[in-house]
S.K.: 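I have a structure here, written as structure tokens, and I will follow up with some questions on it.
Here is how names work: the chains are called A, B, and so on, in the same order as the sequence lines, proteins then strands, and each is numbered from 1. For clarity, every value in this text was computed on a predicted model and none was experimentally measured.
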Amino acid sequence: MSQIVTDRIDDILGKISTITRKLNWPDLPIDLKPPIGDFALICFPAAKILKQDPSDIATKIALQINDIKEITSAEPEKGYCNVVIDWNDITIDVINEINDDSYAKTKEDVEKILIEHTSANPTGPFHMGRARNPIIGDSIARLLQYYGHNVETEYYVNDTGRQAATLAFGLSNYETKNKGKVDHELVEAYQKASKLLEENENIRDEIYRKMEEIEGGNAEVLKEVKESAKKMLEGMKVSLKRLGAEANNYYHESDLIANGKVGKVIESLKNSEICKEENGAYYLDLEKENIAGRNQKFFFTRKNGLSLYTTRDIAYHLHKFQNYDKALNVLGEDHRLQSKLLGIALRELDSKEPISLFYSFVNLPGGKMSTRAGRVVYLDNVMEMIVELAKNKLDETDLNKETKNKLAEDIGIGSLRYNILKVQAEKGFTFNIEDALNLQGDSAPFAMYSHARAAAIIRNYSKDIPDIILNEKLSHSEIRLLRTLAKWPDTVQRAVSNLAIHYIPNYTHELASNFNQFYRDCPVIGNNNEQLRINLVSSSKRILNTSLGILGVKAPDIM
RNA sequence: GGGCCUGUAGCCUAGCCUGGAAGGGCGUCUGGCUUCUAACCAGAAGAUCCAGGGUUCGAAUCCCUGCAGGCCCGCCA
């Protein structure tokens, strides 16, 4: 909530408290999110203590507080008393607060945060199932950055292990047909190698030998797998760039082996009091950690002494904490257990632990997405479709072709991101293409359109935004809009502390919706209250632009 | 079998942490462009908040027991 509004409500509550005390009543709890007004006094507990009807209490308290001058109205309703504060005398201060650069920003110390997101295996083009990761990760990064932290994003490139060996083998042995986009082309070689890995013993041996050489630290093979991954990644990065979700850094897993960090981790873990050995393989005994069943033995080497994926992950996180205060990982729900074990191992090494944000997988209407069953939707195809659709809608306008293409891109990609971000991450998500292609209602274009309308008013006004003068009392629509604008810091704060990005699109839709109602009810230019209204337009545009920015959605001035 | 996540109108979803009057959107029906952009706005219909029990003046929200769906349980990554 805006500080000015919060302070004002506190003042009023203080006065109400004085009144209830004089009546010898208990304090009335409040509801800050009432269906009507700014807050509601809840009369049920008092009713019980005073042995009176709650609606009588509500009526009495309404009468008592109605002449508090900071209140516009206090209306009893059932066992509630709905209070509307007087916005007229705080409006100027509230708008000035909103326009200040520090609005909604953190008041605490700035932290250096590394957000790892996406980190998909570089074995082929992104699926829709994985698309939730870069979009959420990127928007969380934008959110924390906006809030005031020092944020960088990183993609952990999985270029060791079986899949990396398979990819490298495929790329050096099979020709592929040029498909324009390199990841769509190279995936053929990977798929072919993958298939032969299962069917052909000689090839399987060869790939497994490569895998051992990787883990054993063979410089030449490490270079080969890294290069193969990079080639595939080149195509994948194009998709991320189009999505607006490219990471700042790419960290290759193979480097952790090459630079000896993995070896050091193994040595340190062996010194742990809970380290045990079985047939030459080492593990941490997690008996005391309340971990069920087989996972009590958390292996970090194989019996040949070589590292496992988890070992390398530990080394990676130790490396992260050398440079950052906090590490945040955006992970699929399949990594939950893994992530817990990683935390335990890091604690064992006296290191900080990363914070994890998990999302559930994206399903298709008929069931889950599966490469094997051929039930796969590529991110690239979805982006193409949705942009094409936006383009068709723009055909009715008289914009020039270049503007139209740019707009269609912004609308299409924005819609895709918005659609994914508006759902709580833990919730399973069925990707319905029809739904994603519906560009109405609670969607990116809805908010973009409100923003463009605000821009149009400011364009037509064609003067600098003036100081606010309140010539007339505020109307209902103006108060509603102001009330929503005042809620922005609270929204940001909650989104940050819960790492819940979906609060942002929820808010954006509410703001856009309130702006549209204001647009209908309140002509700006030439109105008696023009100075106030143009300021409301300008502040709304500003916050819409900011919230869309966090979502990674562009906010054009014309559409 | 064990662990974690999810269950809210025909469909999608917010609210759950911190108990207080069930919000949106899609779809359906009705009305609104000579007025700063109708990708908009207004109105209508549509909800045993998975089920049962408990705590409470009050439960979608907290606790317990079930049920259904997802994910995980390798010296793979």
S.K.: The side chain of Arg336(A) is closest to which nucleotide in this list: G25(B), C5(B), U37(B)?
M.R.: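 Taking heavy atoms from C-beta onward, the closest nucleotide is C5(B).
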S.K.: How about Thr123(A) and Gln163(A): does a side-chain donor come under 3.5 Å of a side-chain acceptor?
M.R.: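 Judged by distance alone, the side chains do not pair up.
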S.K.: Which of residues 521-532 of chain A sit near RNA chain B, with a heavy atom under 4.0 Å from it?
M.R.: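 Those residues whose heavy atoms fall under 4.0 Å from RNA chain B, taken from residues 521-532 of chain A in numerical order, are Cys522(A), Pro523(A), Val524(A), Ile525(A).
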S.K.: Looking at every strand, decide which applies to Ile49(A) at a 4.0 Å heavy-atom threshold: base, sugar-phosphate, or nothing.
M.R.: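 Since no nucleic acid heavy atom lies under 4.0 Å of Ile49(A), the category is nothing.
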S.K.: Which nucleotide sits closest to the side chain of Pro35(A): A21(B), C12(B), A39(B)?
M.R.: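 Nearest to the side chain of Pro35(A) among the choices is A21(B).
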S.K.: Do Lys297(A) and Tyr283(A) meet the cation-pi criteria used here (NZ or CZ under 6.0 Å from the six-membered ring centre, within 45° of the axis)?
M.R.: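 The answer is yes, since Lys297(A) meets both limits relative to Tyr283(A).
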S.K.: If you look at every strand shown and take non-hydrogen atoms under 4.0 Å, does Phe446(A) touch a base, only sugar-phosphate, or nothing?
M.R.: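 Counting heavy atoms under 4.0 Å across all strands, the contact made by Phe446(A) is with sugar-phosphate only.
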S.K.: Keeping Asp53(A) on the side-chain end and Ser55(A) on the backbone end, is there a donor-acceptor pair under 3.5 Å?
M.R.: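 Checked: pair present.
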S.K.: Return all side-chain donor-acceptor pairs below 3.5 angstrom for residues 30-52 of chain A, not counting sequence neighbours, or 'none' if the list is empty.
M.R.:
unit_1	atom_1	unit_2	atom_2	d
Asp31(A)	OD1	Lys33(A)	N	2.9
Asp38(A)	OD1	Trp87(A)	NE1	3.3
Asp38(A)	OD1	Arg483(A)	NE	2.6
Asp38(A)	OD1	Arg483(A)	NH2	3.3
Asp38(A)	OD2	Ile85(A)	N	2.9
Asp38(A)	OD2	Trp87(A)	NE1	3.1
Asp38(A)	OD2	Arg483(A)	NH2	3.3
Gln52(A)	OE1	Lys60(A)	NZ	2.7

S.K.: When you get a sec, tell me which of C40(B), C5(B), A39(B) is the closest nucleotide to the side chain of Ile411(A)?
M.R.: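 It is A39(B).
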S.K.: Just checking Ile42(A): base, sugar-phosphate only, or nothing, at a heavy-atom cut-off of under 4.0 Å?
M.R.: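 Touches a base.
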S.K.: Looking only at the side chain of Tyr309(A) (C-beta and beyond, no hydrogens), which of the listed nucleotides C40(B), A77(B), G20(B) gets closest?
M.R.: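 For the Tyr309(A) side chain, the nearest candidate turns out to be A77(B).
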S.K.: Heavy atoms, side chains only, cut-off 4.5 Å: are Tyr251(A) and Glu116(A) in contact?
M.R.: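 The answer is no; the side chains never approach within 4.5 Å.
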S.K.: Mind checking Met559(A) for me? I need base, sugar-phosphate or nothing, with any heavy atom below 4.0 Å counting as a touch.
M.R.: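 Base, at least one base atom sits under 4.0 Å.
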S.K.: Specify the separation, in whole Å, of atom CG of Asn363(A) and atom C1' of G70(B).
M.R.: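 For the pair Asn363(A) CG and G70(B) C1', the rounded distance is 7 Å.
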S.K.: Name the nucleic acid region contacted by Glu510(A), choosing base, sugar-phosphate or nothing; use a 4.0 angstrom heavy-atom cut-off, strictly under.
M.R.: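 It contacts nothing in the nucleic acid.
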S.K.: Please tell me which of the listed nucleotides, C5(B), G25(B), C72(B), lies nearest to the side chain of Asp334(A)?
M.R.: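 So the nucleotide nearest the side chain must be C72(B).
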S.K.: Determine the contact category for His502(A): base if any of its heavy atoms lies under 4.0 Å from a base atom, sugar-phosphate if only primed atoms, P, OP1 or OP2 are that close, otherwise nothing.
M.R.: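 Sugar-phosphate, no base atom in range.
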S.K.: Got a sec, which residues hit side-chain contact (heavy atoms from CB on, under 4.5 Å) with Lys78(A), two or more places apart in sequence or on another chain?
M.R.: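 Applying side-chain contact (heavy atoms from CB on, under 4.5 Å) to Lys78(A) gives Tyr80(A).
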S.K.: For a 4.5 angstrom cut-off between non-hydrogen side-chain atoms, does Leu481(A) reach Ser540(A)?
M.R.: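 With C-beta onward as the side chain, the pair touches.
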S.K.: Mind calculating the distance between CZ (Phe515(A)) and C1' (U37(B)) to the nearest angstrom?
M.R.: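 Nearest whole value for this atom pair: 11 Å.
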S.K.: Could you tell me the separation between the CG atom of Leu41(A) and the P atom of A21(B), rounded to a whole number of Å?
M.R.: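 It works out to 15 Å between those atoms.
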S.K.: Does the side-chain ring of Tyr80(A) lie flat on the base of G20(B), meaning centres under 5.5 Å and planes less than 30 degrees apart?
M.R.: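 Stacking is absent between G20(B) and Tyr80(A), given that the ring centres and planes do not meet under 5.5 Å and under 30°.
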S.K.: Asp557(A) near the nucleic acid: base, sugar-phosphate alone, or nothing, with a heavy-atom cut-off under 4.0 Å?
M.R.: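 Result for Asp557(A) = base.
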S.K.: What I'd like to find out is whether the side chain of Asn527(A) reaches to under 4.5 Å of the side chain of Cys522(A), using heavy atoms alone.
M.R.: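 SC-SC contact between Asn527(A) and Cys522(A) ruled out.
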S.K.: Tell me which of Ala512(A) and Phe361(A) sits closer to the 5' end of RNA chain B, going by the nucleotide each one is nearest to.
M.R.: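 Residue closer to the 5' terminus by nearest nucleotide: Ala512(A).
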S.K.: If the cut-off is 4.0 Å, is Gln424(A) near the phosphate of U13(B), judged by side-chain N/O to OP1 or OP2?
M.R.: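 Indeed not, no polar side-chain atom of Gln424(A) lies that close.
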S.K.: Considering only side-chain heavy atoms of His509(A), which listed nucleotide, C40(B), G24(B), G20(B), is closest?
M.R.: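 Selected nucleotide (nearest to the side chain): G24(B).
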S.K.: Compare the minimum distances between each of C57(B), C73(B), A21(B) and the side chain of Pro45(A), then state the nucleotide with the smallest one.
M.R.: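 It is C57(B).
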S.K.: Give Ala40(A) one of three labels, base, sugar-phosphate or nothing, depending on what nucleic acid heavy atoms sit under 4.0 Å from its own.
M.R.: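 Base contact.
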S.K.: Would you please name every residue forming a ring-ring contact (aromatic ring centres under 6.0 Å, His included) with Phe361(A), sequence neighbours left out?
M.R.: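 Here no residue qualifies.
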S.K.: So, is Lys422(A) close to the U13(B) phosphate, meaning a side-chain N or O under 4.0 Å from OP1 or OP2?
M.R.: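 Answer no for this pair, as no side-chain N or O of Lys422(A) is under 4.0 Å from OP1 or OP2.
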S.K.: Could you tell me whether Arg312(A) contacts a base, only the sugar-phosphate backbone, or nothing, with contacts defined as non-hydrogen atoms closer than 4.0 Å?
M.R.: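 Sugar-phosphate, backbone atoms only, no base.
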S.K.: Base, sugar-phosphate alone, or nothing: which one does Ile558(A) contact when heavy atoms must sit under 4.0 Å apart?
M.R.: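 Base, at least one base atom sits under 4.0 Å.
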S.K.: Output the single nucleotide from A77(B), G20(B), U37(B) whose closest atom is nearest the side chain of Glu215(A).
M.R.: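 Selected nucleotide: A77(B).
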S.K.: Establish, with yes or no, whether the OP1 or OP2 oxygen of U37(B) is under 4.0 angstrom from a side-chain nitrogen or oxygen of His451(A).
M.R.: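 Result: no.
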S.K.: What is the base-pairing partner of G46(B), counting Watson-Crick and G-U wobble geometry with both distances under 3.5 Å?
M.R.: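 When the pairing criteria are applied, nothing turns out to pair with G46(B), so the answer is none.
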S.K.: May I ask you to say what Tyr519(A) touches in the nucleic acid, namely base, sugar-phosphate or nothing, with a heavy-atom cut-off under 4.0 Å?
M.R.: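 Since a base atom lies under 4.0 Å of Tyr519(A), the category is base.
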S.K.: Base, sugar-phosphate alone, or nothing: which one does Pro54(A) contact when heavy atoms must sit under 4.0 Å apart?
M.R.: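 If one applies the 4.0 Å heavy-atom cut-off, Pro54(A) turns out to touch nothing in the nucleic acid.
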S.K.: Heavy-atom nearest nucleotide on RNA chain B for Asn460(A) versus Asn158(A): which residue maps closer to 5'?
M.R.: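 The residue mapped nearer the 5' terminus is Asn460(A).
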S.K.: Could you tell me which residues satisfy salt bridge (charged side-chain N to carboxylate O under 4.0 Å, His left out) with Arg542(A), sequence neighbours excluded, listed by chain and number?
M.R.: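 Asp101(A).
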S.K.: So, is Lys51(A) close to the C57(B) phosphate, meaning a side-chain N or O under 4.0 Å from OP1 or OP2?
M.R.: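 Checking Lys51(A) against C57(B): no side-chain N or O falls below 4.0 Å of OP1 or OP2.
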S.K.: How many whole angstroms separate atom CD1 of Ile458(A) from atom P of U37(B)?
M.R.: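 Computing the Ile458(A):CD1 to U37(B):P distance gives 12 Å.
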S.K.: Given the C1' atoms of A51(B) and C71(B), what is the spacing between them in whole Å?
M.R.: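 It works out to 24 Å between them.
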S.K.: Rounded to whole Å, please give me the gap between CG in Leu331(A) and P in C71(B).
M.R.: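 These atoms are roughly 17 Å apart.
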S.K.: Can you sort out the partners of Lys541(A) under salt bridge (charged side-chain N to carboxylate O under 4.0 Å, His left out), two or more places apart, ordered by chain and number?
M.R.: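 Residues passing salt bridge (charged side-chain N to carboxylate O under 4.0 Å, His left out) with Lys541(A): Asp557(A).
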S.K.: At under 4.0 Å between heavy atoms, what does Ser443(A) touch on the DNA or RNA strands: base, sugar-phosphate, or nothing?
M.R.: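 Nothing: the residue Ser443(A), judged by heavy atoms under 4.0 Å, touches no strand.
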S.K.: Quick one: which of C57(B), A39(B), C71(B) gets closest to the side chain of Lys48(A)?
M.R.: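 Output: C57(B).
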S.K.: Taking any heavy-atom pair under 4.0 Å as a contact, classify Leu306(A): base, sugar-phosphate, or nothing.
M.R.: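 No contact at all - Leu306(A) keeps every heavy atom at 4.0 Å or more from the nucleic acid.
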S.K.: Do the side-chain N or O atoms of Arg520(A) get closer than 4.0 angstrom to the phosphate oxygens (OP1, OP2) of C40(B)?
M.R.: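 For C40(B), OP1/OP2 do not have a side-chain N/O of Arg520(A) under 4.0 Å.
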S.K.: So if I take every side-chain heavy atom of Asp435(A) and compare against A14(B), C26(B), C75(B), which nucleotide ends up nearest?
M.R.: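 Within the option list, the nearest is C26(B).
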